[in-house]
Asker: 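Please read through the structure below; I'll follow up with questions.
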Amino acid sequence: MTTDKALSPLTGKIALVAGATRGAGRAIAVQLGAAGATVYATGRTTRERVSEMGRATETIEGTAELVTAAGGEGIAVPADHLDPAQVRALIERIDRDHGRLDILVNDIWGGNHLIDFNTKVWDVELDRGLRMLELGVKSHIITSSCALPLLVRRPGGLVVEVTDGTAESNRAFRENFYYDLAKTAPIRMAFTLGEELKSVGGTAVAVTPGFLRSEEMLDTFGITEETWSEGIKIQRHFALSETPLYIGRGVAALAADPGRARWNGQSLSSGQLAKAYGVTDADGSRPDVWAYLAEEAAGAEPSMDDYR
């Protein structure tokens, strides 16, 4: 017999998804809500103000509404996570409202427009590179520093560092000095935070989606979710792409797992989470592009059919 707890395993849990405006962050927020959590969705783009990303159609209010529609409680809070005062005010609000924080998801980024791939560090404008590090590293540090005192008040807290690439794949060159640092740092953050959280019964992990069919990526390829397979003509690995729902379901399953401490300090992909927890993408598939790329890099000729 299915119980309400089984349907909503995160009922009563309080989550903060920092960087929940779009993509993986939005999907994680919604799926935490679908599991019953109260989710604070933060970001810089609101219905009144647009961030430097320039994407006005994706807002934190929209994310919060999706969380509530999924069965949780979505609360939109505008916040620039590079401003410690704003982050402290956010955490103080969560403390006043609930007196607890159970799940922290650091998905802050917004730096894709700054990437100069295949450009040497000495040819990249320093301000552009440093801005990437601010967005992808400094913002995560500020958020963790401000939020962890509340999260560790109770045992069992979970920190999820969202990045691009697994620990294994990020050992290879990421084609841009600053991007490499920005996407490797969260993996090390998860490891070090995991070491520090052990003593208080907490867990930290790094997670990465695969080839993500985010709103921005679909626009970049000039396609829609309905016509996504057209993207394979542009990049063959797009055949193993995934919707944001996939990583969202994986993180929600992880958050609901009473034995999640076994993952502490590790780097996990959406494909690994799917296999561990039995979740699928929207179409029922389980793409695992990182495992495919690892096989390809080792000199094998894997079939994409075996990784979807």
Side-chain angles (χ1 to χ4, degrees), residues 19 21-28 30-31 53 55 58 105 107 109-115 117-118 132 136 160-176 179-180 182-184 186-187 205-251 253-254 267-277 279-298 300-308:
T21 314
R22 60 183 65 83
R26 169 174 277 193
I28 291 169
V30 173
Q31 291 307 302
M53 290 283 291
R55 299 185 62 85
E58 299 128 19
V105 179
D107 185 50
W109 174 227
N112 285 343
H113 64 290
L114 299 167
I115 304 171
F117 281 128
N118 299 309
M132 271 198 277
V160 178
E161 287 285 339
V162 183
T163 189
D164 173 34
T166 62
E168 179 184 11
S169 67
N170 278 337
R171 281 195 284 268
F173 178 47
R174 294 306 306 270
E175 301 178 57
N176 176 285
Y179 187 75
D180 192 303
K183 295 307 175 182
T184 301
I187 295 171
V205 299
V207 303
T208 178
F211 205 150
L212 189 67
R213 296 203 300 272
S214 64
E215 302 91 339
E216 184 183 9
M217 181 59 71
L218 291 172
D219 287 347
T220 298
F221 275 38
I223 54 179
T224 66
E225 181 55 33
E226 290 69 32
T227 63
W228 75 264
S229 61
E230 292 295 308
I232 301 170
K233 299 173 184 176
I234 302 170
Q235 221 298 359
R236 67 185 185 86
H237 293 129
F238 207 62
L240 296 176
S241 64
E242 62 198 55
T243 74
L245 174 67
Y246 193 47
I247 188 72
R249 284 176 168 171
V251 171
L254 172 72
S267 159
L268 304 167
S269 69
S270 53
Q272 287 174 293
L273 290 170
K275 288 177 183 176
Y277 293 109
V279 301
T280 65
D281 203 347
D283 62 359
S285 67
R286 288 190 181 136
D288 194 347
V289 71
W290 295 115
Y292 176 89
L293 291 174
E295 286 291 306
E296 198 173 55
E301 297 183 359
S303 167
M304 288 193 183
D305 292 339
D306 294 334
Y307 290 85
R308 187 163 186 90

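As the structure is a computational prediction, the values presented were derived from the model and not from experiment.
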Asker: Tell me whether the count of non-hydrogen atoms from other residues, nucleotides or ligands lying under 6.0 Å of CD in Glu168 goes above 12.
Answerer: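 Check fails, neighbour count at 12 or below.
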Asker: Give a yes or no answer on whether the side chain of Ser267 reaches the backbone of Ala167 with a donor-acceptor pair at less than 3.5 Å.
Answerer: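 Yes: the side chain of Ser267 pairs with the backbone of Ala167.
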Asker: Glu225 and Arg213: salt bridge (charged side-chain N to carboxylate O under 4.0 Å, His left out), yes or no, with the steps?
Answerer: CA-CA 8 Å; Glu225 181 55 33; Arg213 296 203 300 272; 2.7 Å; yes
Asker: Check the pair Arg308 / Asp283 against salt bridge (charged side-chain N to carboxylate O under 4.0 Å, His left out), numbers first and verdict last.
Answerer: CA-CA 11 Å; Arg308 187 163 186 90; Asp283 62 359; 3.3 Å; yes
Asker: Give a yes or no answer on whether the side chain of Glu242 reaches the backbone of Gly210 with a donor-acceptor pair at less than 3.5 Å.
Answerer: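 Yes, because the side chain of Glu242 sits within donor-acceptor range (under 3.5 Å) of the backbone of Gly210.
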Asker: Testing Tyr246, Phe211, Tyr307 one by one against Pro287 for a side-chain contact (heavy atoms from CB on, under 4.5 Å), which residue passes?
Answerer: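 The passing option is Tyr246.
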Asker: About how many Å separate CZ of Arg22 and OG of Ser214, when rounded to the nearest 0.5 Å?
Answerer: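 These two atoms lie 9.0 Å from each other.
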Asker: Any side-chain heavy atom of Met217 sitting closer than 4.5 Å to one from Leu212?
Answerer: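 Answer no - side chains too far apart.
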Asker: Any ion pair linking Asp164 and Arg174 (charged N to carboxylate O, less than 4.0 Å)?
Answerer: yes
Asker: For the residue pair Tyr292 / Asp306, report whether a side-chain donor-acceptor contact shorter than 3.5 Å exists.
Answerer: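 No, because no side-chain N or O of Asp306 sits under 3.5 Å from a partner of the opposite role on Tyr292.
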Asker: Please find the pair of heavy atoms, one from Met132 and one from Ala182, that lie closest to each other, and give the distance.
Answerer: O-CB, 4.1 Å
Asker: Is the backbone N or O of Thr227 less than 3.5 Å from a side-chain atom of Thr224, with the two atoms forming a donor-acceptor pair by type?
Answerer: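 Checking the backbone N and O of Thr227 against the side chain of Thr224, a donor-acceptor pair under 3.5 Å is found.
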Asker: Do the side chains of Asp288 and Lys275 get close enough for a salt bridge, i.e. N-O under 4.0 angstrom?
Answerer: yes
Asker: Determine whether the side chains of Asn170 and Thr184 contain a donor N or O and an acceptor N or O closer than 3.5 Å.
Answerer: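 Per modelled atom types, Asn170 and Thr184 side chains form no pair under 3.5 Å.
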Asker: Give a yes or no answer on whether the side chain of Arg286 reaches the backbone of Asp281 with a donor-acceptor pair at less than 3.5 Å.
Answerer: no
Asker: side-chain contact (heavy atoms from CB on, under 4.5 Å) between Val279 and Leu273: does it pass, once the steps are laid out?
Answerer: CA-CA 8 Å; Val279 301; Leu273 290 170; 5.6 Å; no
Asker: Quick one: do Glu161 and Lys183 make a salt bridge, cutoff under 4.0 Å?
Answerer: no
Asker: Only one of Val207, Thr163, Thr208 passes side-chain contact (heavy atoms from CB on, under 4.5 Å) with Pro186; say which it is.
Answerer: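 Exactly one option meets the side-chain contact (heavy atoms from CB on, under 4.5 Å) with Pro186, and it is Thr163.
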